[in-house]
Every structure is written in structure tokens, then in C-alpha cells.
Amino acid sequence: MGHLAGLAAAAGLLAAALAAGVPGTVPAAAQSPAAAASDFTAPRTPWGDPDLQGIWSTGYIEVPLERPEEYGSRELLTEAEVAGERERLDAQQDHSTGGALPTTPRPGDTGTYNTVFSGRGREVIRTRRNSLIVDPPEARIPWRPGVREQVADEISTAAGVRGRFRREGTDGPEDRPNDRCRGVILPHRFGTWEAGGGHHRIVQTPGAVTIYYEYGPHGGAYRTIPLDGRPHLPGRIRQWLGDARGRWEGDTLVVDTTNFTDRTSYEGARDNLRLTERFTRVGADFVLYRVTVEDETVFTRPWTLEIPLTLQDARENRIFESACHEGNYALTGILAGARAEDAGRQESAP
């Protein structure tokens, strides 16, 4: 709790630490309140770039993308709210993550997964923010008129991730993201059970940065970001994770990503989506990640998320390659059951 008392002072320190490497895309009032040592110097790779390497995680947090209305214009949780949030998160755990052995199943829970596998929230976000959006100041997605309703209408009933897949007309086998293992999208779905802790492994070379995203429910993904100044791919070439180009601005890795497909929807933005990501190491175990989302056909202005990433113990190697298809017989069973139901209907028909 003592950490929260020093947030105001720490905000100034972090803003100063980021000033050289992070352009002013986020207003000063929206700078992160997370603690950063005033004398911290980012480590360097053998070739002199800021060192971002390691396994990084958001932790198992549950933070809404947009700020809930009850907070008004306030960005941070109070001491009492932090305590209440910890109590709420603790109540979600079962014996697999330090809680009590459940005597009755949760509503809708088939009993196939306990909380160690579910990704349910377990900890309060490091920055104590009450939303992931930090700009605009009201922490709301600046959709164009009618787009919010359109996005809600297009969400597949089979998709657990909000706004990820467009409705295809029926709940067919190709509309089931868990079974089809379509993989991660960008930006990563932080702050939800789908993110599964948001584990990333970052590896650097003199000419590139590579990130592996662990995303168990849908399969993980590799992403290589060139740093050699090459131009983006021609506009006719589209990729699921877009076409990324990186550069260093002071101690910040800035990644510009374009050329998304019309299938990799993020809050309604598809092939016109453009991301500007910033990775800044502000502490020995702390990378501050910001991503600005742009699509003038969907949003009235760019908007920015902020995610704190915490360095994990490399010896524990708490990141695993996703193997989504192997041993997955869910779709086989679903289709076999549907065919059996069809056959039963035909036999009972007059």
C-alpha cells in the first residue's frame, strides 16, 4: 500500500525519464503514475542499443479498456479501491492458484478448467490505473458515429475476444476462434482472461527485434521487427500481424505497423489500422508499453493504451510455445454430434 502513497511524486520522475524517448502523443496529465527510479539508466546490448530482452508479463490483471463511468475523470484507484480489487480477485481463485477448493461450480462452468488455466485476474495492475486507455483523457474509444453499434453487431457469437471477428452469418466451424487457432492480434488483448498474463519474450539483434507472444487460447505468434530503415511493404501485400518497422528514439523502441488484413479487426479497425508502439525500459524490471491506434475511417482521432510489463525470472522460463491444434478434438466432437442430431431428425421425420 505504501507504493500508492508515492504515486504523485513518482509520476514526475517517470515523465522525466520518458521525455527523451517518447514524443508527446500522450498529454502530460496522462503520464503513467508507476514508480521509476530517478537515477535509472537503461542497460545496453553489446552493440549499444537499449536492452529490452527477457520474458515480460502484464501479470494476470483484469482492467477494462475504457474507464468505467463511476470513476468520472479520475485515472487511479484509491487505496480503498485497491484493497477492494484485491479482495475481488482473491475470491475468483480456487485451489490451483492459492484459493479454496470449490464445492459448487461457477455459473456456466463445465468444470473442465480450474483457475491456473483460465487466466482469470489475480493481481492489481502495477500502475493502479482504472482503465487501459490513457488518451483521450476521458479514456473512451473515440468511435465515429454509429461505429460502436456496428462493431457490436458484427461480433461473432463464438468469439470470446471483443471486436475480434466479424459475424459470418452462422455459428459454423470456421467461426470458432478457440478451435481454429487463429492466433494473436495486435494490439494484444491485455487486461482480460484471454490474454493469459500477457507473456512476451523479446530477443534483440543489431538489425531487428523479435517478439514471441504467448496466447494459449488461440495459438501464439512470432513477430520480427526490422530496424534497418527499410520501407513498408507495398499496400497490396497484407499480413495478419501487419508490416512492422522499428527505430530507436533515445531509449524507446518505436514500432510503426501498417498493412493489416481485413480479417484482423481491432475495435472495428481492419485494413486501415495503423499502430505506433513504444517500448521504454523505465526500471530494472519494468518496461512501459504504449500503443497508439489509428484508423480515420473508424475513429475520430488516434487513441492510446498504456500497459506496464514486468520482467519475469528467466530461470523459471514461464513462457511456452502454444500448440493449439495438437490433441484438440473439440471441433471433431462438435461436428460428429451435429451430424448425429441431423440423422436423428431425419429418422423421426414423417
Side-chain angles (χ1 to χ4, degrees), residues 17-26 32 42-45 47-58 132-135 183-190 195 198-215 220-235 237-261 264-267 269-282 286-296 299 302-311 319:
L18 295 177
V22 180
T25 57
V26 178
S32 171
R44 286 316 199 248
T45 63
W47 55 90
D49 288 338
D51 194 343
L52 302 176
Q53 297 181 101
I55 300 173
W56 302 88
S57 175
T58 60
L132 298 183
I133 295 178
V134 296
D135 183 48
V184 68
I185 64 165
L186 297 175
H188 196 61
R189 290 286 172 181
F190 299 104
H199 287 77
H200 304 350
R201 186 194 295 275
I202 299 178
V203 177
Q204 295 173 239
T205 64
V209 174
T210 297
I211 305 175
Y212 173 70
Y213 298 85
E214 183 187 67
Y215 198 45
Y222 292 92
R223 186 181 182 210
T224 296
I225 303 163
L227 303 175
D228 56 7
R230 71 183 69 177
H232 280 289
L233 294 172
I237 300 176
R238 298 286 167 164
Q239 302 184 127
W240 186 270
L241 296 181
D243 181 51
R245 296 292 183 266
R247 65 185 185 276
W248 292 102
E249 293 184 357
D251 287 348
T252 297
L253 173 66
V254 181
V255 182
D256 182 55
T257 306
T258 60
N259 296 55
F260 288 94
T261 76
T264 50
S265 173
Y266 185 76
E267 302 301 337
R270 300 183 179 93
D271 45 342
N272 293 313
L273 175 64
R274 186 179 196 127
L275 302 179
T276 303
E277 300 166 278
R278 292 180 168 84
F279 299 79
T280 308
R281 193 160 185 172
V282 295
F286 187 7
V287 162
L288 192 69
Y289 171 74
R290 291 198 183 123
V291 53
T292 298
V293 181
E294 299 179 64
D295 183 342
E296 62 182 12
F299 311 116
W303 51 284
T304 301
L305 314 177
E306 178 187 277
I307 311 294
L309 301 174
T310 299
L311 186 64
I319 189 166

Separation between OG1 of Thr257 and CD1 of Ile225, rounded to the nearest 0.5 Å: 6.5 Å
Which atom of Ala244 lies closest to which atom of Pro226, heavy atoms considered: O-CD, 3.2 Å
Within-4.5 Å side-chain heavy-atom neighbours: Leu309 and Thr58: yes
Polar side-chain atom of Asp243 near backbone of Leu233 as donor-acceptor pair, under 3.5 Å: yes
Sole residue of Gln239, His232, Arg274 in side chain to side chain donor-acceptor pair (under 3.5 Å) with Thr258: His232
For Pro308 against Phe286, the heavy-atom pair lying closest together: CB-CE1, 3.5 Å
Interatomic spacing from CG in Asp271 to OG1 in Thr261 - rounded to 0.5 Å: 7.5 Å
Residues that Asp51 engages under salt bridge (charged side-chain N to carboxylate O under 4.0 Å, His left out), provided they are two or more places apart: none
Phe299 versus Glu294, closest heavy-atom pair with distance: CD1-C, 4.3 Å
Identified side chain to side chain donor-acceptor pair (under 3.5 Å) counterpart of Tyr213 within the set His199, Arg223, His200: Arg223
Distance-minimising heavy-atom pair for Gly250 and Pro50: O-CG, 3.9 Å
Atom pair CG (Leu227) and CH2 (Trp248), whose distance is rounded to the nearest 0.5 Å: 7.0 Å
Side-chain heavy-atom pair Tyr222, Thr224 within 4.5 angstrom cut-off: no
Between CZ on residue Arg290 and CD1 on residue Ile307, distance to nearest 0.5 Å: 11.0 Å
Student check: side-chain heavy atoms of Gln53 and Val203 closer than 4.5 Å: yes
Side-chain heavy-atom pair Phe260, Ile185 within 4.5 angstrom cut-off: no
Close side-chain approach of Leu253 to Leu52, heavy-atom, < 4.5 Å: yes
Nearest-0.5 Å distance, CD1 of residue Ile237 to CG of residue Asn259: 8.0 Å
Side-chain donor-acceptor pair present, Ser57, Thr310, cut-off under 3.5 Å: no
Distance in Å, Asp295 CG paired with Asn272 CG, rounded so as to fall on 0.5 Å steps: 4.5 Å
Test applied, side chain to side chain donor-acceptor pair (under 3.5 Å); reference residue, Thr292; option that passes from Thr304, Thr276, Asp135: Thr304
Side chain to side chain contact (heavy atoms under 4.5 Å, CB included) between Arg245 and Arg247, worked out: CA-CA 7 Å; Arg245 296 292 183 266; Arg247 65 185 185 276; over 6 Å; no
Salt bridge present between Asp251 and Arg278 (N-O < 4.0 angstrom): no
Heavy-atom pair of closest approach, residues Tyr212 and Ala221: CD1-O, 3.2 Å
Side chain proximity check, Val293 to Glu267, heavy atoms < 4.5 angstrom: no
Side chain to side chain, Leu311 and Arg281, heavy atoms closer than 4.5 Å: yes
Residue Glu296 excluded, over 12 heavy atoms near CD under 6.0 Å: no
Polar side-chain atom of Arg189 near backbone of Pro187 as donor-acceptor pair, under 3.5 Å: no
Test item: Ile211 and Phe279 side chains (from C-beta on) under 4.5 Å apart, heavy atoms: yes
